[in-house]
Structures are given as C-alpha cells and as structure tokens.
Amino acid sequence: MALDFAAGCIGGAAGVLVGHPFDTVKVRLQVQNVDRPLYRGTYHCFQSIIRQESMTGLYKGIGSPMMGLTFINAIVFGVQGNAMRKLGRDTPLNQFLAGASAGTIQCVICCPMELAKTRMQLQGTGEKKSKRKLYKNSLDCLVRIYKKEGIRGINRGMVTTLMRETPGFGVYFLAWDTWTRYLGCEPEDPYMILKLLFAGGMSGIASWISTYPVDVIKSRLQADGVGGVNQYSGIMDCVRQSLKKEGWRVFTRGLTSTLLRAFPVNATTFATVTLFLMYMREGQECSIEDSKQQPVPLQQPVPLQPQTQPTSM
C-alpha cells in the first residue's frame with residue numbers, strides 16, 4: 001500500500017505539471033459568457049492568457065490539485081487495489097467496477113479541490129497583475145467559501161462530480177487494461193515505455209470523452225456566483241439555460257483543450273507510476289496466476305499493469 005501511495009503521488013504530480021495549463025484553458029472556455037466571449041477557441045485562449053497574464057496565468061489554481069494529490073491518490077490506490085483483490089479475477093468488468101468504486105470515494109477530496117481550482121483559474125481573468133485578489137491561494141479560497149456558505153458551499157458541484165468520476169474512472173481503468181493487453185506491454189519489450197505512454201494517453205482520452213458533458217455542467221455550477229450573482233438554481237436549471245442559450249455544442253465547449261491535455265497528462269502519469277513500481281519491485285518474483293489476482297505484476301510475460309492507476313485525468 002505504501003509503495004502504491006508513493007507511486008501515485010509522483011505520477012500524479014508529474015501529470016499536474018504537464019497538464020495544468022490545458023486545464024486552465026478548458027475552464028475559461030467552459031464558463032465564459034456566450035454573449036460577450038473573451039476567447040474564440042483553444043489557441044486564442046492560450047495566446048490571450050499568455051499575452052495578458054503572462055505564463056503564470058496558465059498555472060493559476062495549481063496549488064489546489066497539488067495540495068489534494070496525496071489524499072486523492074491514497075484513496076484511489078487503496079480502494080482500487082482492495083476492490084480488485086475482493087473481486088478476485090482480473091477481468092474487464094472487474095477493472096471497470098474497481099475503477100468506478102475508486103472514482104466514487106475520492107470525490108470527497110476531488111470536489112472541494114476542483115472548486116478551489118476553478119475559482120482560482122477565473123480570478124483576474126484578462127489581467128496581467130490582478131488589482132484586487134479575492135483569494136490569496138487555494139486554501140484561502142476554501143476557507144473563505146466555508147465561512148460564507150459552510151460545508152454545502154465547499155461541496156458545490158458534488159453531485160456532478162460523482163456523475164463524472166464514477167463512470168469516468170471505470171472507463172479509465174478499463175481502457176488502460178485493454179490497451180496494455182492489446183499492445184503487449186512486457187518488461188523485456190524495447191518499446192515498452194512508448195507503449196505505456198500511448199496506452200496511458202488513450203485511456204485518458206477515452207475517460208474524458210465518456211463524461212465530458214457532465215464536466216461542463218460541473219464547471220459552470222462551481223464557477224456560479226463568482227461575480228456575486230448566481231445564475232443557476234441547480235443541475236437541471238444549468239442544463240436548461242445552457243442548452244437554450246448555446247445549443248448542444250455547449251457540451252463540447254473546451255473539449256479540444258481537454259483532449260490535448262488528457263493525452264500527455266495520462267501518458268506521463270501512467271508511465272511514471274508503472275516504471276516506479278517496476279523499479280521498486282525489481283528482483284522480486286510473481287507468478288502469472290498471482291498476477292491475475294493482483295494487478296500489480298512484477299515481472300511477467302502477460303501485459304504489464306500497475307496495481308492501481310493515477311487519479312489525474
């Protein structure tokens with residue numbers, strides 16, 4: 001368990017550093033006012049943020065996902081590993097169920113973390129140096145929200161987070177298992193690292209495509225009230241208003257940025273976790289039958305899988 005915890009933290013941190021700029025662009029595109037849009041698309045958003053807010057603008061709110069990494073990875077790794085052991089067999093269905101259970105439980109940390117990240121990413125939009133900062137950092141953001149709105153405030157968007165994370169992590173783990181088996185990611189393969197990178201990247205893309213419309217609604221609900229006025233009374237009201245004003249395309253707003261982020265982030269995270277576990281367990285032995293019961297094979301001729309996968313999508 002301790003080794004999985006360490007691997008998840010290292011892999012997750014690497015993924016956040018690689019992918020946070022794309023996440024900032026995604027959030028800006030998802031929540032911008034359709035009547036007065038600031039950005040024409042993904043590239044224009046990147047360009048505008050760098051020009052108006054400098055490179056640091058792309059990393060606004062990074063403290064929140066970094067701060068939550070330890071807790072999220074501990075939860076996901078522990079739940080997924082235990083779920084696979086309880087289920088007994090390493091099958092595609094069990095991979096999905098184990099991933100879904102891990103995704104559900106980690107929402108306790110994920111939802112407040114993403115709320116702070118979203119609020120921080122929207123702070124000082126279009127300003128190189130914010131004249132007035134409402135929040136000093138991610139922790140200050142959560143403290144202020146708690147003082148104003150209580151527990152309910154810091155858990156804003158919890159239902160949509162559950163709707164995204166539960167099936168999303170199921171698809172995530174299932175895709176990783178499928179791709180590594182298909183590509184034959186064996187320790188002796190000279191192209192193993194490239195295969196791990198590709199499998200990880202494609203797993204991230206599959207997961208995001210399967211749940212992206214829910215993520216748009218989640219971002220809008222968590223951003224609601226930033227300007228002092230609440231637009232939405234709930235999930236269905238947000239869906240109705242968004243569809244009425246912007247049509248069905250609203251549910252693909254920011255998707256390009258998300259997919260551009262998903263591949264390198266998950267490629268980096270999966271490869272880092274897998275290689276870390278391989279290195280730390282080098283010299284140990286694990287039979288093929290044992291590896292089927294616990295999806296953390298050490299040296300095996302069947303497709304390589306770490307016991308658990310990273311949480312960053």
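Just the heavy atoms: all of them, side chains too, but no hydrogens, waters or symmetry mates, feed the values below.
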Task: Minimal non-hydrogen separation, T180 against A199, with atom names - done: CG2-CB, 4.0 Å

- [ ] Decide if atom CG of L243 counts as having more than 12 heavy atoms of other residues, nucleotides or ligands within a radius under 6.0 Å.
- [x] yes

- [ ] Could you note down all residue pairs passing ring-ring contact (aromatic ring centres under 6.0 Å, His included) where residues 46-66 supplies at least one of them, sequence neighbours left out?
- [x] F22-F46

- [ ] Output yes when a side-chain donor or acceptor of S207 lies under 3.5 Å from a complementary backbone atom of S203, and no otherwise.
- [x] no

Open item on the list: Can a donor-acceptor pair be found, under 3.5 Å and without considering hydrogens, that links the side chain of K218 to the backbone of R164?
Closed with: no

Task: W176 with I193, same ILVMFWY side-chain cluster at under 4.5 Å - done: yes

- [ ] Report yes or no: do Y146 and M158 belong to one cluster of Ile/Leu/Val/Met/Phe/Trp/Tyr joined by side chain heavy-atom distances under 4.5 Å?
- [x] no

Open item on the list: Strictly distance-based, threshold 3.5 Å: is any side-chain N or O of N33 a donor or acceptor partner for the main-chain N or O of D35?
Closed with: yes

TODO: Output the distance between atom CD (Q95) and atom CG (L87), rounded to the nearest 0.5 Å.
DONE: 9.5 Å

- [ ] Flag yes if L174 and F270 sit in one hydrophobic cluster, no otherwise; membership is Ile, Leu, Val, Met, Phe, Trp, Tyr, and two members link when side-chain heavy atoms are under 4.5 Å apart.
- [x] no

Task: Flag side-chain contact, heavy atom, 4.5 Å: I49 against R28 - done: yes

Task: Distance (rounded to the nearest 0.5 Å) between I209 CD1 and T252 OG1 - done: 12.0 Å

TODO: Would you please classify the geometry between the F173 ring and the F169 ring as parallel, tilted or perpendicular, with 30° and 60° separating the classes?
DONE: tilted

- [ ] Using the side chain to side chain contact (heavy atoms under 4.5 Å, CB included) rule, take R89 and M84 through it: C-alpha gap first, then chi angles, then the decisive distance, then the call.
- [x] CA-CA 7 Å; R89 297 179 59 198; M84 286 302 297; over 6 Å; no

Task: Inter-residue atom distance M192.CE - L275.CG, 0.5 Å rounding - done: 5.0 Å

Open item on the list: When you measure from the side chain of D224 to the backbone of Y232, do you find a donor-acceptor pair of N or O atoms at a distance under 3.5 Å?
Closed with: yes

Task: Worked check of side chain to side chain donor-acceptor pair (under 3.5 Å) between Q106 and E165 - done: CA-CA 9 Å; Q106 61 91 41; E165 299 292 82; 2.6 Å; yes

Task: T211 side chain to V214 backbone, donor-acceptor under 3.5 Å - done: no

Task: Shortest non-hydrogen contact from A206 toward A175 - done: CB-CB, 4.2 Å

Open item on the list: Assess the residue pair R85 and D90 against the criterion (salt bridge (charged side-chain N to carboxylate O under 4.0 Å, His left out)); give the C-alpha distance rounded to whole Å, side-chain angles, the decisive distance to 0.1 Å, and a yes or no.
Closed with: CA-CA 9 Å; R85 282 189 286 274; D90 185 6; over 6 Å; no

- [ ] Using the test side-chain hydrogen bond (donor to acceptor under 3.5 Å, both in side chains), find all partners of R220 that sit at least two apart in sequence or belong to another chain.
- [x] S242, E246

TODO: Could you tell me whether the side chain of S257 and the main chain of G254 form a donor-acceptor pair under 3.5 Å?
DONE: no

Open item on the list: Side chains of K60 and K117, heavy atoms from C-beta outward: is any pair under 4.5 Å?
Closed with: no

- [ ] Check N266 against G204 and note the closest heavy-atom contact, atom names and distance.
- [x] ND2-CA, 3.3 Å

Task: Derivation of the side chain to side chain contact (heavy atoms under 4.5 Å, CB included) call for L58 and V25 - done: CA-CA 8 Å; L58 293 171; V25 171; 4.2 Å; yes

Task: Gap separating the CG atom of L97 from the OG1 atom of T166, nearest 0.5 angstrom - done: 11.5 Å

Open item on the list: If I take atom CD from residue E53 and atom OG from residue S48, how far apart are they, to the nearest 0.5 angstrom?
Closed with: 9.0 Å

Open item on the list: Testing the basics here: between S210 and V171, what is the closest heavy-atom pair and its distance to 0.1 Å?
Closed with: OG-CG2, 3.9 Å

Task: Which residues share a side-chain hydrogen bond (donor to acceptor under 3.5 Å, both in side chains) with D189, sequence neighbours left out - done: K195

Task: Side chain Q241, main chain Q231, donor-acceptor under 3.5 Å - done: yes

TODO: Kindly give the heavy-atom pair with the smallest separation between L162 and P167, and that separation in Å.
DONE: O-CD, 4.0 Å

Open item on the list: With clusters defined by side-chain heavy atoms of hydrophobic residues (ILVMFWY) lying less than 4.5 Å apart, directly or transitively, does L183 cluster with I205?
Closed with: yes

Open item on the list: Between M113 and C107, is there a side-chain heavy-atom distance shorter than 4.5 Å?
Closed with: no

TODO: Taking all heavy atoms of S219 and all of V31, pick out the closest pair and write down the distance.
DONE: O-CG1, 3.8 Å

Open item on the list: Can a donor-acceptor pair be found, under 3.5 Å and without considering hydrogens, that links the side chain of S101 to the backbone of A98?
Closed with: yes

Task: Spatial distance of atom OG1 (T269) from atom CG (L17) [nearest 0.5 Å] - done: 10.0 Å

Task: Side-chain heavy-atom pair F96, D177 within 4.5 angstrom cut-off - done: no

Open item on the list: Would you say that K26 contacts R261 through its side chain, given a criterion of any heavy-atom pair below 4.5 Å between the two side chains?
Closed with: no

Open item on the list: When you compare the side chain of Q222 with that of E114, does any pair of heavy atoms fall below 4.5 Å?
Closed with: yes

TODO: Verify the cluster assignment for Y39 and M55: are they in a single hydrophobic cluster under the rule of side-chain heavy atoms below 4.5 Å apart?
DONE: yes

TODO: Carefully, step by step, assess Y212 and Q30 under the rule side chain to side chain donor-acceptor pair (under 3.5 Å).
DONE: CA-CA 11 Å; Y212 192 76; Q30 283 180 335; 2.9 Å; yes

Open item on the list: Is there a side-chain contact between L196 and Y191 in this structure, where contact means two heavy atoms from C-beta onward sitting under 4.5 Å apart?
Closed with: no

- [ ] Indicate yes or no: at least one non-hydrogen side-chain atom of Q121 is less than 4.5 angstrom from one of H20.
- [x] yes

- [ ] Run the numbers on R144 and Y135 for side chain to side chain donor-acceptor pair (under 3.5 Å), then give the verdict.
- [x] CA-CA 8 Å; R144 285 176 177 271; Y135 311 117; over 6 Å; no

